[in-house]
Amino acid sequence: MTSPIVRFAPSPTGRLHVGNVRTALINWLFAKGQGGKFILRIDDTDVERSTKENEDALKVDLEWLGLVWADTFNQSDRFAQYDAAAEKLRGMGLLYPCYETADELDRKRKIALSRGRPPVYDRAALSLTDDEKAKLEAEGRQPHWRFKLSGERVEWNDLVRGPQSIDTSSLSDPILIREDGSYLYTLPSVVDDIEAGITHVVRGEDHVTNSGAQIEIFKALGGTAPDMAHTPLLIGADGQGLSKRLGSLSMGELRAQGYEPMSICSLLAKIGTSDNVEARESLDQLAAEFDFSKIGRSPARFDEAELKGLNASILHALPFDAVKDRLAAVDPRAADEAFWTVVRENCSLLPEVGAWVDTVFGDITPLVDDEDKDFVATAATLLPEGELTGETWSQWTNAVKAETGRKGRGLFMTLRKALTGQEHGPDMGAILPLIGRERALKRLGG
Ligand code: GLU
């Protein structure tokens, strides 16, 4: 196979969310794994709803995820090319003007449905004479323009869905240009895919029907249609369609919560595939493992709890140097290698280290039950001399056990609660040297 060229084509009408990031990622991994090229196309033909702010934000999000592009362009810079393509289709008799208003079309649909017929556009406009058209325009009607489908079957072998066959006689001729002259996504996308030499169109399965019409437009404009891959959509953990919250779970939000890009990429690359859902350290690794044949036909389940689990496992392996600056941003005292190595095991998200900063370095309220007061005071007197090390905890608890006869939970949990003010937390042997002698004795009431 020659090197693939793929594109991710978001509309900058909102922030990137988990659904469209998955599409971007699959395109990226495929290109990377095959030594191909990943292009970022900004679908901003809808000038009303597209904003520069959204465009900038989605670029920041993609870079943060590591999904860098070889090339990018905006559709809004290319209206001349779309006009030329439209002219070519008109010349071929494949783009025709229609004058029905939205209300009239709606009425036609309802009538068709009430007669048990599919609500397909009846092509009435095709039989308008030039005089009739001129009259309608003189009344102030502006036409919208439809592409004339062949009425034949369009077939392709989808890389995810297998053999596909769409009967274009069952579809309405798609509107390519609205009556205000603006383009719907259908034609510009094909024009750009031809010009950029796109070899594979990879997108969500909500575009399958579009593909039927677009393949005919590719052919009409003299191009060969690219290979196609339509991936099943995401669903939530409850098996229902993505909830409103999840559907709009933006990258900005996940980043603000402290998620690692690789946990998001690992999850989105693996769900809905035959691979196990496991964290990977790099996009290169995910790319090496990527194959369209691994993507199943049923929806991919996106579970935030699973994302958090992957995030924790990535965090537990992250070296201090990789997180130093982010730790400092949480709390300057957290930017300490020994501290990071000890507390990361107890964090699912990096900002959670903040909760352990005071436990280690600050003032806490020791948890000492009344009946444990004497025991804790005795333990304080047995703390080994000198600097506290990784051995101190076991030497000390052995000494306390020998002296007081306490063991198990009564020994270990009581000291943990006194020293950290909590019942859970990092390994005491590791955290005790960080707490240090002075703070430890103070917490033990010594
Ligand atoms: N802008 C379109 C969308 O976001 C692109 C679809 C495609 O990849 O062709 O749905």
Side-chain angles (χ1 to χ4, degrees), residues 4-31 36-52 54-55 57-59 61-62 67 69 71-79 81-82 85 147 154 156 158-161 164 166 174-178 182-219 221 223-234 241-242 247-248 250-251 268 292 295:
I5 304 176
V6 295
R7 84 300 193 276
F8 171 54
S11 303
T13 52
R15 293 295 297 260
L16 282 190
H17 53 77
V18 290
N20 44 30
V21 166
R22 178 156 172 269
T23 301
L25 178 68
I26 291 175
N27 273 286
W28 195 96
L29 295 176
F30 173 61
K37 193 169 157 188
F38 172 82
I39 294 175
L40 173 63
R41 186 181 86 201
I42 306 295
D43 281 8
D44 55 357
T45 52
D46 184 344
V47 286
E48 303 266 294
R49 289 172 61 232
S50 302
T51 69
K52 181 80 178 111
N54 284 330
E55 177 184 333
L58 75 85
K59 286 179 175 168
D61 288 341
L62 288 175
L67 304 180
W69 50 92
D71 201 359
T72 181
F73 62 91
N74 290 58
Q75 291 197 318
S76 58
D77 291 332
R78 294 177 41 77
F79 287 118
Q81 280 84 346
Y82 309 146
F147 177 74
V154 172
W156 75 94
D158 197 280
L159 291 167
V160 173
R161 298 165 61 86
Q164 300 294 297
I166 292 197
I175 299 174
L176 301 190
I177 305 174
R178 298 186 189 89
S182 65
Y183 286 95
L184 280 112
Y185 130 92
T186 318
L187 176 65
S189 181
V190 172
V191 171
D192 291 342
D193 286 346
I194 292 174
E195 199 168 311
I198 298 301
T199 59
H200 296 75
V201 168
V202 181
R203 56 189 179 186
E205 67 183 10
D206 48 332
H207 284 290
V208 168
T209 313
N210 288 344
S211 292
Q214 283 185 322
I215 287 174
E216 292 211 328
I217 301 175
F218 271 110
K219 290 188 177 146
L221 291 176
T224 355
D227 285 341
M228 303 261 169
H230 293 90
T231 56
L233 303 180
L234 293 186
L242 267 198
S248 61
S250 73
M251 283 308 109
L268 290 176
F292 280 116
I295 301 178

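Whatever order the structure lists them in is the order used to number ligands and atoms, beginning at 1. In this text the structure is predicted, and so the values were computed from the model without any measurement. For the numbers below, each heavy atom of this structure counts, side chains included, while hydrogens, waters and symmetry mates do not.
- For the side chain to side chain donor-acceptor pair (under 3.5 Å) test, residues two or more places apart in sequence or in another chain that qualify with K59 are E55.
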- Determine, step by step, whether Y82 and D192 satisfy the side chain to side chain donor-acceptor pair (under 3.5 Å) criterion, reporting the C-alpha distance in whole Å, the side-chain angles of both residues, the deciding distance to 0.1 Å, and the verdict. CA-CA 9 Å; Y82 309 146; D192 291 342; 2.8 Å; yes

- Query: Given the rule in the side-chain contact (heavy atoms from CB on, under 4.5 Å) test, do L187 and L221 qualify, once you have shown the distances and angles that lead to the verdict?
  - Reply: CA-CA 10 Å; L187 176 65; L221 291 176; 4.0 Å; yes

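- Residue L67 holds its CG atom at 10.0 Å from CG of N27, rounded to the nearest 0.5 Å.
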If you look at each N/O of ligand 1, which protein N/O atoms lie under 3.5 Å away, and at what distance?
from: ligand 1; atom 1: 1 (N); to: A9; atom 2: O; distance (Å): 2.8
from: ligand 1; atom 1: 1 (N); to: S11; atom 2: OG; distance (Å): 3.3
from: ligand 1; atom 1: 1 (N); to: D43; atom 2: OD2; distance (Å): 2.6
from: ligand 1; atom 1: 4 (O); to: A9; atom 2: O; distance (Å): 3.4
from: ligand 1; atom 1: 8 (O); to: R7; atom 2: NH1; distance (Å): 2.7
from: ligand 1; atom 1: 9 (O); to: R7; atom 2: NH1; distance (Å): 3.4
from: ligand 1; atom 1: 9 (O); to: R7; atom 2: NH2; distance (Å): 2.8
from: ligand 1; atom 1: 9 (O); to: Y185; atom 2: OH; distance (Å): 3.0
from: ligand 1; atom 1: 9 (O); to: R203; atom 2: NH1; distance (Å): 2.7
from: ligand 1; atom 1: 10 (O); to: H207; atom 2: NE2; distance (Å): 2.9

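- Screening W156, F30, F38, F8 against H200 for a ring-ring contact (aromatic ring centres under 6.0 Å, His included) leaves a single residue, F30.
- Taken to the nearest 0.5 Å, the CD atom of E205 stands 7.0 Å off from the OG1 atom of T231.
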